[in-house]
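The structure displayed is predicted, hence computed values, not measured ones.
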Amino acid sequence: MNLPCVWFEMMGESRVLYLYLLNALGNIAGKRQASFSFLDEACLINEIEQMMQKQKRIRAIMIGTPSLLKEGKISHCDIPELDGCDLVGKLQSRFSVMVHMENDMHYRVYDYYKKNCQPDQIVTLANFPLHVLPGMASIHHGEVHM
């Protein structure tokens, strides 16, 4: 079984999309990066669909988004054309797989914690990129806190 992980962010005026394909052990089996001047939900779905067509054994999709999430919808996104998008619902309906979406800082702090910390440690990461909203997330004894 393979798991696609999708992450997108603003880099200046460009929207950057990262697509990773993880195998059952969590190792990167494939990756792709693309830049766009405009990245809406139709473009995201198209990129994910291309990966889904190449990999037939996908059972779930993980998404990291530079935004707040409210009732499964993207809110206050660094990429304005994605504000209000119900990406989870549209992907679940389109591909009939489980879709999990989190703020990208949650994934970043968890990855850092797994690679660099002991189980009982507390870690907080803060990110202040130029021209976009800052982000912060903490892990306390292995659990992400918002």
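From L19, atom CG reaches atom CG of L21 across 9.5 Å, with rounding to the nearest 0.5 Å. Taking CD1 from I63 and CG from L69, the interatomic distance works out to 9.5 Å, rounded to the nearest 0.5 Å.
Shown here for C85 and E41, the closest heavy-atom pair between the two residues is SG-OE1, 2.8 Å. When all heavy atoms are compared, the tightest approach of E81 to L39 is OE2-N, 2.7 Å. The two residues V16 and S35 have their closest heavy-atom pair at CG2-OG, 3.9 Å. What you find for S14 and F36 is that their closest heavy atoms are OG-O, 3.6 Å. When all heavy atoms of K73 and G84 are compared, the pair lying nearest together is CD-O, 4.0 Å. Heavy-atom minimum distance, Q121 versus N116: OE1-O, 4.4 Å.
Judged by distance alone, the side chain of D83 and the main-chain N or O of C77 form a donor-acceptor pair under 3.5 Å.
Counting heavy atoms of neighbouring residues, nucleotides and ligands inside a 6.0 Å radius, atom CD of Q53 exceeds 12 of them.
With respect to L87, the side-chain contact (heavy atoms from CB on, under 4.5 Å) criterion is satisfied by exactly one of T65, I45, L82: I45.
Cluster membership for F38 and Y18, using ILVMFWY side-chain heavy atoms within less than 4.5 angstrom, is not shared. I48 and M98 are not part of a single hydrophobic cluster, where members link through side-chain heavy atoms under 4.5 Å apart.
Here the side chains of K90 and V99 are not in contact, with every heavy-atom distance at 4.5 Å or above. In this structure, the side chains of L22 and N27 stay at 4.5 Å or more apart for every pair of heavy atoms.
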Inset, instruction - Assess whether side chain to side chain contact (heavy atoms under 4.5 Å, CB included) is satisfied between L44 and L17, documenting all intermediate values. - result: CA-CA 8 Å; L44 277 171; L17 174 65; 3.6 Å; yes
